J.: 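My questions all concern the structure below.
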Amino acid sequence: MNQSSENPVMWDALSRNSTARLERGAAFARGREVATEDITRLLEAVIEPGDRVCIEGNNQKQADFLSRSLLKTDPSRVRDLHLLQSVLALPEHLDIIERGQVSRIDFSFSGPQAGRLAALVEQGRITIGAIHTYLELFSRYFIDLTPRVALIAAQAADREGNLYTGPNTEDTPAIVEATAFKSGIVIAQVNEVVDKLPRVDIPADWVSYFVKAPTPHHIEPLFTRDPAHITEIQILMAMIAIKGLYAEYGITRLNHGIGFDTAAIELLLPTYAAELGLKGKICTHWALNPHPTLIPAIEAGFVKSVHSFGSEVGMERYISARPDIFFVGNDGSMRSNRAFSQAAGHYACDLFIGSTLQIDLEGNSSTATKGRISGFGGAPNMGSDARGRRHASPAWLRAGREGSRNRAMPRGRKLVAQIVETNREQMQPAFVERLDAWELAESAGMELPPVMIYGDDITHIITEEGISNLLLCETAEEREQAIRGVAGYTAVGMGRDRRMVENLRDRGIVRYPEDLGINKRDANRDLLAARNIKDLVHASGGLYSPPRQFRNW
Amino acid sequence: MNINGLLDRLFGPGGHSINIGDNFLHGSAVMGDRQVAVIGTHEHAAIDTALALEVSASILRVIRDDLGRGCSPRPVIFMVDTQGQALSRHEELLCLNGYFAHVAQCVDLARRNGHRTISLIHGEAVSGGFLAFGLMADRVCALPEAQVRVMDLKAMSRITKIPYDRLVDLSADSPVFAPGAENYWRMGAVHEIWSAEADWRSCLGAALEIADAGDKRALLGLERGGRLHAAPIAQLVASA
Amino acid sequence: MTNVRPTSFFEATARGRVAKLVDAGSFREFCPPRLRRTSPHLARLNAPVAFDDGVAVGSATLEGYKILIAAQEGKFNGGAVGEVHGAKLVGLLDRGIRERPAAVLLLVDSGGVRLHEANAGLIAISEIMRGVLRTQAAGVPVFALVGGACGAFGGMGIVTRLCNEIIMSEEGRLGLSGPEVIETVKGVEEFDSRDRPLVWRVTGGKVRRALGEATYLVDDDIDSFRSVTAELLCRYGAKPLAVADIDEVTAEHARLAERAGRFATARDGREIFQASGFVDLDEVSLLPVAKFNQQLLEYI
Amino acid sequence: MEHFTLSYTTTPRLQEGHLPRLCGVVASGNLEVLVEPLDAADLCLIEVNTSAPGFRVIWEALLSDFVERNQVGGVQISINDAGATPAVVGLRLDQALDAYRSGL
């Protein structure tokens with residue numbers, strides 16, 4: 001094929017375009033450094049209509065100053081944007097949509113803004129490309145959704161523009177790598193500009209501009225759970241998890257979802273699990289944010305290694321003093337990386353356990369409710385079988401054996417557990433005939449109902465009633481009764497076939513606390529290795545410094 | 001009626017020598033042939049540590065003076081007009097409740113030393129400010145316009161989430177939560193409410209005669225039908 | 001399951017506190033739940049009632065000393081005082097005058113007056129105040145133990161301060177108006193009720209001990225409360241209780257006046273800690289109780 | 001508030017002389033359970049007073065399971081509930097009955 005000579009193929013259009021942008025931007029920068037007050041004009045200069053823009057916003061660190069600055073840009077110049085970012089967390093993210101500057105978004109999680117987002121979709125003011133998992137979205141950055149402009153957040157820059165992202169590195173490397181090496185523009189907001197960085201997380205030549213933000217970027221203490229709020233019911237479920245799942249399979253590599261249910265498990269390791277002789281046998285290697293509630297287990301010698309998606313406010317000094325456990329740079333601060341940790345959680349862990357709002361009769365679970373488009377972040381990556389996994393471990397192999405008795409070829413599978421109280425407050429049942437996700441999908445015109453974890457990925461369900469092992473069910477009917485069997489006094493639970501559930505109990509598919517040798521009345525808060533945040537501080541030897549909203553002293 | 005007018009009506013013009021400050025007043029007055037001490041607040045005082053110290057210092061002075069003179073202990077008239085305790089971080093830091101407890105202890109000391117004590121609510125009597133000394137006296141009298149309360153019904157409705165109209169309805173036949181001296185009278189905590197036309201001087205004189213050092217308010221509340229449970233339950237616990 | 005961990009006073013229920021504080025099995029309750037003396041006023045407002053109206057009162061022994069004891073349930077309506085609740089406390093104090101136990105213990109955990117029956121509650125508190133003073137005048141000491149989530153606030157803060165001894169844990173709080181009330185009326189600049197370290201620096205056990213308002217600061221476990229109480233029962237048992245006379249009350253007056261002058265502008269417990277000889281003010285909140293007590297003692 | 005009383009005929013009690021026991025507190029999401037001896041030895045009488053109306057069907061299912069599981073005759077159980085979940089109700093009932101039986 002011969003290209004027409006009047007119209008020669010341009011193989012570097014992106015970089016030419018990028019050069020033009022940088023030339024326009026030069027008026028508002030000194031080298032890579034942009035003065036705080038010039039940032040809006042710089043954004044107007046380098047962003048073009050129709051650009052794919054990633055505003056770094058993940059569930060902890062937020063490029064909040066750049067978001068606010070984007071809101072101040074002239075909507076006639078900065079328009080028709082395609083936002084692609086893992087989390088829509090700030091009101092500003094939605095404000096910019098409301099101002100009509102955005103036409104399309106691709107994202108993973110919208111937590112606090114889920115209600116507003118659903119309203120904007122219903123009004124037809126925005127189109128959602130897709131709701132991804134974190135890994136999926138990062139992957140698409142490198143395939144068909146590469147950002148033209150990335151607005152990121154770092155702790156510090158030096159004069160050259162090298163960046164230090166510190167403990168909360170999180171999504172930054174994935175975003176910058178995709179943008180910078182495809183001739184995109186990378187703009188970083190930093191808390192401070194210094195002469196010498198503690199370490200370089202992002203080299204200067206991947207960065208187009210940096211600007212000092214007037215206030216440090218916002219970080220949400222998202223993974224801090226005050227043990228004071230853990231209930232006896234959560235402790236009972238944690239006992240069931242430890243005895244009926246962790247000990248049973250000898251689970252050493254795992255990931256915990258966020259929540260009080262899993263915090264209870266973490267706090268029972270040095271007490272209940274230790275008394276069962278499980279130290280060294282379970283919970284040694286983790287893909288996990290630095291949960292403060294893991295401190296007692298770490299101090300008790302349960303934990304050997306923790307790789308983290310992000311950091312956690314107040315944990316910095318503790319992490320720094322435990323470099324054998326956490327991934328720590330030469331400067332003494334942690335290096336987190338959401339993309340790597342997500343991959344690690346998917347491929348290298350034998351168990352994911354987390355909570356949900358609803359589970360249906362097939363075991364599909366979702367946190368989606370009508371009027372809220374929230375997405376699931378990383379849970380689906382953690383909570384799904386890694387079909388590409390090729391290395392064995394005892395837990396993985398046993399789960400594989402239990403799940404496929406009729407297959408000749410040995411193959412393992414991941415353990416995926418959901419842990420829920422049968423009824424939440426206000427008697428909202430966790431077990432339902434039909435997920436609210438269906439209704440949400442209809443009202444928001446989504447192609448598929450937003451399911452967090454599909455029923456065929458789930459292996460165990462734990463409630464205060466007991467634990468169901470879905471791997472052992474031979475028919476769909478058995479599976480449904482195994483779910484009903486632990487659904488307690490919900491309509492689903494009360495609709496069980498009692499005879500069939502007793503039969504499943506005989507076969508160890510449904511196990512109640514008494515079947516596991518657990519006395520419900522032992523489930524009291526004295527079992528917690530820390531009963532409040534202060535206990536955690538003391539357990540850390542004073543190294544953990546909790547945010548003030550978690551203190552009562 | 002301003003405070004001077006009130007004092008004139010209570011003790012007769014020239015019958016009192018009372019130092020009147022912004023919020024605090026103290027001095028003495030003549031009731032028939034005897035001296036009485038007058039201590040209290042006006043202008044809806046918010047009671048803070050400073051005011052609590054002034055009240056307690058005055059009580060202590062009366063007790064000490066009478067001990068020194070060897071005369072029979074003077075009655076003490078507490079003039080009550082308070083919007084409640086002062087609300088501030090500084091006051092809390094100092095432990096304002098400790099200052100209130102100290103005032104209460106001074107009133108109690110006066111009682112144990114033979115001083116009769118009367119409270120006269122001449123303005124507002126609200127919550128903590130009322131507890132400090134108003135409610136500590138042997139006998140509590142109220143002027144007709146006295147406002148006695150813990151919280152108004154609108155605020156109570158906001159906090160308890162009970163609709164305002166329902167609270168209004170319920171308060172028609174129950175004295176237990178709605179503002180009003182009448183409600184406190186029915187419950188036995190206000191011994192008497194003086195009418196506007198009455199001779200307040202003789203009301204006060206009569207009250208002084210019958211002021212009683214024992215705390216019989218629960219029985220009074222039972223008798224008046226406004227507080228039916230306090231007395232029998234206290235009795236049950238005391239002698240079970 | 002063996003459990004060697006101390007039992008948290010903060011977390012325990014009122015009945016749990018009593019059971020662990022007194023000699024095992026010695027608690028005999030007056031007006032017990034089976035009598036169902038619930039609050040008629042809560043019922044009229046269609047609010048949940050409790051069989052003991054949020055307070056357990058009775059007699060017991062502690063290290064063999066005969067005591068009367070009351071424990072407020074902070075989890076029920078914030079331990080707030082209503083007509084029945086208050087009458088049980090008044091009755092217990094009256095019983096104290098008749099029975100002359102070694103002491104009356106008040107396990108205070110209360111925000112003060114119960115709004116649903118506010119007038120009855122306010123009157124009851126003044127009756128409790130007079131009851132405490134009457135009991136003391138009869139030679140029976142009254143001790144307050146404060147370490148629950150509601151602390152000792154409102155009228156119960158005043159009652160607590162009338163007691164002969166106040167034993168607090170660091171988690172306990174003692175004051176008159178809760179921070180939420182001050183914030184609502186005076187604004188967040190005056191008192192940010194969500195700034196929890198500040199709330200504790202203004203009303204918490206440590207600052208109360210540093211001021212001398214609390215006479216003892218103990219760890220948040222029931223055994224620590226018990227051992228200090230036992231020590232006090234022994235000490236008070238050694239000689240008859242002297243009723244506060246003019247000199248004693250005058251001395252208290254001087255002490256309070258001195259404090260008001262000394263901390264005339266203070267708004268933060270840090271200033272109290274500094275004046276109490278603490279050097280590293282950031283560290284005070286994390287000092288273990290024993291160390292805190294020791295440093296305080298060394299300075300005095 | 002919703003109020004109802006349920007009555008179950010069950011295995012008669014074996015021992016006499018039990019003392020009343022109270023478990024739990026009336027706080028949001030929690031409940032108190034009072035267990036007392038009842039004259040009728042083969043009856044279990046359960047009185048429920050709850051701030052969350054409309055869940056009588058669930059209460060009945062839960063309580064009949066409880067009575068069947070424990071065979072408690074000669075007992076009156078009185079509940080003041082402030083919106084506890086069935087999980088909490090079940091745990092509290094077990095605790096209360098345990099305390100009642102062991103305390104005599």
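These numbers come from a predicted model, not from an experiment. Protein chains get the first letters and strands the later ones, always in sequence-line order, with residue 1 at the start of each.
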J.: Let me know if B:L228 has heavy atoms under 4.5 Å from chain C in its side chain, its backbone, both or neither.
T.: backbone
J.: Sort B:A57 into side chain, backbone, both or neither according to what part of it lies under 4.5 angstrom from a heavy atom of chain C.
T.: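 Both the backbone and the side chain of B:A57 come within 4.5 Å of chain C.
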J.: Could you look at C:R114 and say if it's the side chain, the backbone, both or neither that has a heavy atom under 4.5 Å from chain B?
T.: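 Looking at C:R114, nothing touches chain B.
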J.: Counting only non-hydrogen atoms closer than 4.5 Å, does C:R37 touch chain B with its backbone (N, CA, C, O), its side chain (CB onward), both, or neither?
T.: side chain
J.: Please flag which part of C:L211 lies under 4.5 Å from any non-hydrogen atom of chain B: side chain, backbone, both or neither.
T.: side chain
J.: Which bit of B:N183 comes within less than 4.5 Å of chain C, counting heavy atoms only: side chain, backbone, both or neither?
T.: side chain
J.: At a heavy-atom separation under 4.5 Å, does C:P40 approach chain B through its side chain, its backbone, both, or neither?
T.: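 Looking at C:P40, just its side chain touches chain B.
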J.: Identify which part of C:R28 has an atom lying under 4.5 Å from any heavy atom of chain B, answering side chain, backbone, both or neither.
T.: side chain
J.: Answer with side chain, backbone, both or neither: which region of B:L109 has an atom nearer than 4.5 Å to a non-hydrogen atom of chain C?
T.: side chain
J.: Please look at B:I159 and chain C and tell me whether the side chain, the backbone, both or neither of the residue comes under 4.5 angstrom of a heavy atom of that chain.
T.: side chain
J.: Tell me which one of C:K88, C:R134, C:R130 satisfies salt bridge (charged side-chain N to carboxylate O under 4.0 Å, His left out) with C:D94.
T.: C:R134
J.: Between B:M136 and chain C, which part of the residue has a heavy atom less than 4.5 Å away: side chain, backbone, both or neither?
T.: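 Interface part for B:M136: both.
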J.: Examine whether an atom of C:L68 lies under 4.5 Å from a heavy atom of chain B, and if so say whether it belongs to the side chain, the backbone or both; otherwise answer neither.
T.: neither
J.: Does this structure show an ion pair linking B:R158 with B:D152, if we count only N-O contacts that are shorter than 4.0 Å?
T.: no
J.: Go through the atoms of B:L131 and report whether side chain, backbone, both or neither lie under 4.5 Å from a heavy atom of chain C.
T.: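 Looking at B:L131, backbone and side chain both touch chain C.
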J.: Can you say whether C:I97 sits under 4.5 Å from chain B via the side chain, the backbone, both, or neither, judging by heavy atoms?
T.: neither
J.: Quick test of your reading of the model: are B:D173 and C:R44 salt-bridged, counting only N-O distances below 4.0 Å?
T.: yes
J.: Side chain, backbone, both or neither: which part of B:A137 has an atom under 4.5 Å from a heavy atom of chain C?
T.: backbone
J.: Is C:T265 in contact with chain B via its backbone, its side chain, both, or neither, using a 4.5 Å heavy-atom distance?
T.: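 The backbone, not the side chain.
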J.: Under a 4.5 Å heavy-atom cut-off, does chain C meet the side chain of B:E92, its backbone, both or neither?
T.: both
